[in-house]
Structures are given as structure tokens and as C-alpha cells.
Amino acid sequence: EKGGYEHFMLKEIYEQPKAVRDTISPRIKDGKVVIEELNMSDEEIKAISRIQIVACGSAYHVGISAKYVLEEVAKIPVDVDFASEFRYRNPILDNNALVIIISQSGETADSLAALREAQARGLKVLGIVNVVGSSIAREADNVMYTWAGPEISVATTKAYSTQLSAVYLISILFGQIRGTVTKEAYKNMVKEIQKLPEKIQKILEEKERIQWFANKFASSHDIFFIGRGLDYATCLEGSLKLKEISYIHSEAYAAGELKHGTISLIEKDILVVGVATQEQLYGKLVSNIVEVKSRGAYVMGLTTYGNYAMEDTADFTVYVPKTMSCFMTSLAVIPLQLLAYYVSVAKGLDVDKPRNLAKSVTVE
Ligand code: M6R
């Protein structure tokens, strides 16, 4: 049932082009984004005052990316909360707020409780869910399914990627209806989003380089991920993936925060992964890389093809194809999933069933 792959995780990593395509294509008709399941009129979409995203773990990281994309494209203010925080914090939300709960399993106890809490306050809840007929899917007012198919490995990969795609579709649609994107930009986004599957495929074809690098750093004790903007969201996910299955301590930092404390942890030969795919922030990130390097860090740079200046600064550079900056997380995360996977394999760990973890967290 692993289809010839050594682990479910690798199989699911490889299923990403298809999963992303299956999530996107049914929602694009004649060059337009159409999400029937939203069940929202244009008037309702125009009236949204803010969006509250609630989720746990990797789904929460999708929420962080969603904040950047929705605010940029649809100009709607977005808050993101861990479900375990949201449910107890008495959030201030008016009737025109839209609550989005993101969950692969649809059974995460805190996310389900957050959904009920939102509904008890009279708010409409949209679920972005993978498992059909799960509790969150049944109880949400509307459900947008991610079509990732069954995900077995505890570490999520393809569900995460399809959640990102769902969020992009919503952002493009809301931007169009609210008049915050030009016709030109709209057309471009619709075109670019459909190219993501083949670009993910291309990254997967270069997995040997990551595998080689993972073997080299498998005995690390601490790894830092730094990025700005959407690259920070990518770092959060890359770091969680690594912790979860390789048992290496790692942290993700918004690169500008380094100077406010964390840089004291950087010493000789510590691995720092610098993610730099956001053009407007590229120079800033490069200067952060220079700073950690001067403290002795070994730097893996992750950037887009064409940005070859990175080679002068990083010790090892991984390139991914370019897409619009707002969709870059979908591509930049792939090498980080592979990195976590190959480190875990190199250490001989139980990749699909890491210690102390369950696929769906059904207790608080
Ligand atoms: O099923 P859910 O999406 O609600 O699960 C949320 C988290 O438990 C989940 O994303 C977890 O962080 C993953 N194991 C990360 O790979």
C-alpha cells in the first residue's frame, strides 16, 4: 500500500502535484475561480469585516501564510490563532467576521471546540477540511474540501500543500469580488496557481541534493530557520517537520527578530536555513545571513532560480522555480519536507510514526 515507497511520508510528498491539482482544478471554470461550497453571495463576501483563522500545528502554519496572502490580495484583516488559545481567550469578533477552521483530520479536539465556540457566538464557520464527513466537516456551516486523499504519515505534507491551495483560491476570489485585484493581476494569479503542480514536480526531481545534504547534517543538535514575510511562514513549517520526525531541536525565527535575543545562540557550525523567496525582502534576509555567518553558522540558502547572488553568501544553496511571491510557500516548503524526511531516514527513526505523536489529536 506504500506503492513502492519506503515510507508513507515519501509517497505523500510525491503525491503533492496531484493533490494540489485535484484541489485547484475543480474550482477553476473558464479561467475563473468558482468555489460553490462557500455558499456566500457577493454581498456577503464584500461585507466581511475580518477573517479569524483557527487551527493547530501545520494547519496553523497554513493560517499564517493565509494571513499574508489574504491581506495582500483581498485586503481583509486576518487574525490567526492556535485553536487551544482561541477557545479560551474571549475573542472580540463582530457579526461580519468570517471564521475559518483549517484541519486535515477534521477531528482535532481543540479545533472542533473552537468551531463550536465561534458558532455559539453566532459566527459563521467555514471549514477547510481533508477528511470527508469528519466532525469539523459536519459541524461547520460550509466546508471547502482539500482533495489530498488519505494521509497516513503523522507528519503532514500533501494535506498542508492542499490547504495552501484552498487559501489561495479563496484569496483570489475574495480579491476579485471586493475589487482589490486588477483584471490583469487576477488573470495572472489564475494562470500561475495552475502551474504549481508541475513546479512542485520539478523540485521533487532534484531530491538527491537534499538527501546528500540531510546525511551531512543528520547529527546536528540545533537547527535554525530564518525568513521574512511568507518565508517566515515557510520556516515555521520546515522547523516543525524537522522536529517532529528527526528529533532535532529547531526553531523558526522572523529574521529581523534575531538581533533581539536569539543570535546569542548562534555559534560555530550551527546550521541555519535561510529562506529567501520574497523579492522585496531578499536583500534584508541576505544581510541576516551575513550576520549569522560571521558568528560561525553554516548556512543553507533556499531561494528561487535566478537569484544566484545567494551563492556568495550561503554555504549551500537550494533553488526552486519562481512563481508569484504570494504562492512561494507552496514551492519553498518542498525541499524542507525532503530535508526533514531524509534526516529522519539517516537517523534510522520511525518516519511515519514518530514517538509521542498521533495522527489526529482528539484529546485536548
Ligand atoms: O488534523 P489537523 O490538521 O487538525 O491536525 C493539526 C495538527 O495536529 C497537525 O498539523 C500536526 O501538527 C502535524 N503532525 C504536523 O505534521
Side-chain angles (χ1 to χ4, degrees), residues 1-3 8-9 11-29 33-41 44 51-63 66 80-84 86-87 98-170 173 197 352-353 357-364:
E1 52 188 46
K2 287 184 199 147
F8 281 109
M9 184 177 177
K11 173 171 180 267
E12 289 160 7
I13 286 175
Y14 271 82
E15 283 169 350
Q16 289 183 108
K18 178 178 187 305
V20 167
R21 192 174 296 116
D22 289 349
T23 300
I24 293 173
S25 0
R27 280 126 180 173
I28 296 187
K29 293 182 181 126
V33 176
V34 183
I35 317 175
E36 272 146 19
E37 325 82 286
L38 278 186
N39 274 325
M40 289 176 87
S41 66
E44 283 172 301
I51 293 177
Q52 170 70 59
I53 299 178
V54 185
C56 303
S58 294
Y60 170 83
H61 298 155
V62 171
V80 195
D81 266 303
F82 292 118
S84 54
F86 176 84
R87 61 183 291 200
L98 172 67
V99 176
I100 303 182
I101 311 262
I102 308 177
S103 176
Q104 187 285 128
S105 63
E107 301 296 346
T108 300
D110 280 320
S111 302
L112 182 58
L115 176 153
R116 291 177 179 158
E117 177 64 32
Q119 284 177 337
R121 289 163 178 260
L123 297 164
K124 275 241 150 62
V125 175
L126 166 67
I128 298 181
V129 180
N130 193 48
V131 176
V132 176
S134 56
S135 303
I136 294 176
R138 277 185 279 115
E139 293 193 26
D141 298 281
N142 294 302
V143 191
M144 179 173 179
Y145 280 113
T146 48
W147 297 117
E151 192 179 61
I152 310 293
S153 170
V154 164
T156 180
T157 51
K158 61 174 180 167
Y160 166 90
S161 285
T162 56
Q163 288 162 354
L164 281 177
S165 307
V167 156
Y168 300 157
L169 290 166
I170 293 174
L173 181 74
D352 289 331
K353 284 200 174 63
L357 291 169
K359 180 63 182 162
S360 69
V361 183
T362 53
V363 289
E364 175 170 1

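Nearest heavy-atom pair, L169 versus V33, reported as atom, atom and distance to 0.1 Å: O-CG1, 3.7 Å. Of all non-hydrogen atoms in I13 and P17, the two that sit nearest each other are O-CD, 4.3 Å. Contact between A83 and C56 at its shortest, heavy atoms only, is CB-SG, 3.7 Å. Across A114 and V54, no two heavy atoms sit closer than the pair CB-CG1, 3.6 Å. In plain terms, the two heavy atoms of A148 and T23 that are nearest each other are N-OG1, 4.5 Å. The two residues S103 and T108 make their nearest non-hydrogen contact at OG-OG1, 3.9 Å.
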Quick one: do L112 and E139 satisfy side-chain contact (heavy atoms from CB on, under 4.5 Å)? Show the steps, please.
-> CA-CA 8 Å; L112 182 58; E139 293 193 26; 4.0 Å; yes
Given S165 and T146, is the side-chain contact (heavy atoms from CB on, under 4.5 Å) satisfied, shown in steps?
-> CA-CA 8 Å; S165 307; T146 48; over 6 Å; no
Would E36 and K29 count as a salt bridge (charged side-chain N to carboxylate O under 4.0 Å, His left out) if you check the C-alpha gap in whole Å, the side-chain angles of each, and the deciding distance to 0.1 Å?
-> CA-CA 11 Å; E36 272 146 19; K29 293 182 181 126; 3.6 Å; yes
Trace of the side-chain contact (heavy atoms from CB on, under 4.5 Å) decision for I152 with D352 = CA-CA 8 Å; I152 310 293; D352 289 331; over 6 Å; no
Decide side-chain contact (heavy atoms from CB on, under 4.5 Å) for V131 and Q104; before the verdict, give the C-alpha distance in whole Å, the side-chain angles of both, and the deciding distance to 0.1 Å.
-> CA-CA 6 Å; V131 176; Q104 187 285 128; 3.6 Å; yes
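Counting only distance, with no hydrogens or angles, the side chain of D141 and the backbone of V125 share a donor-acceptor pair below 3.5 Å. Remark: side-chain polar atoms of E12 are paired, donor with acceptor, to backbone N or O of S153 under 3.5 angstrom. A side-chain donor-acceptor contact under 3.5 Å links R138 to the backbone of G133.
Here ring pair (Phe, Tyr, Trp, His ring centres under 6.0 Å) pairs that include residues 114-143, with residues two or more places apart or in two chains, number zero. Identified under the ring pair (Phe, Tyr, Trp, His ring centres under 6.0 Å) test for residues 112-149, with sequence neighbours left out: Y145-W147.
Environment of CZ in F82: sparse, with no more than 12 heavy atoms of neighbouring residues, nucleotides or ligands closer than 6.0 Å.
At a threshold of 4.5 Å between non-hydrogen side-chain atoms, the residues Q16 and T157 count as touching. With contacts defined as side-chain heavy-atom distances shorter than 4.5 Å, the pair V167/I128 qualifies.
No salt bridge links E1 with K11; every basic N to acidic carboxylate O contact stays at or beyond 4.0 Å. Taking a cutoff of 4.0 Å between a charged side-chain nitrogen and a carboxylate oxygen, E151 and K158 do not qualify as a salt bridge. A salt bridge is absent between K359 and E107: the closest approach of a Lys/Arg side-chain nitrogen to an acidic carboxylate oxygen does not fall below 4.0 angstrom. A salt bridge does not link R21 to E15: none of the charged nitrogens lies less than 4.0 Å from a carboxylate oxygen.
Side-chain contact of Q163 with N130: a donor-acceptor pair under 3.5 Å is absent, judged by distance alone.
Annotation: the span from S58 atom OG to I102 atom CD1 amounts to 11.0 Å, rounded to 0.5 Å. Note that the CD atom of E37 and the CG atom of N142 stand 9.0 Å from one another [nearest 0.5 Å]. Here the CG-CZ distance, from L115 to F86, works out to 9.5 Å after rounding to the nearest 0.5 Å.
Under the rule for a ring-ring contact (aromatic ring centres under 6.0 Å, His included), the partners of Y168 that lie at least two apart in sequence or sit in another chain are F327.
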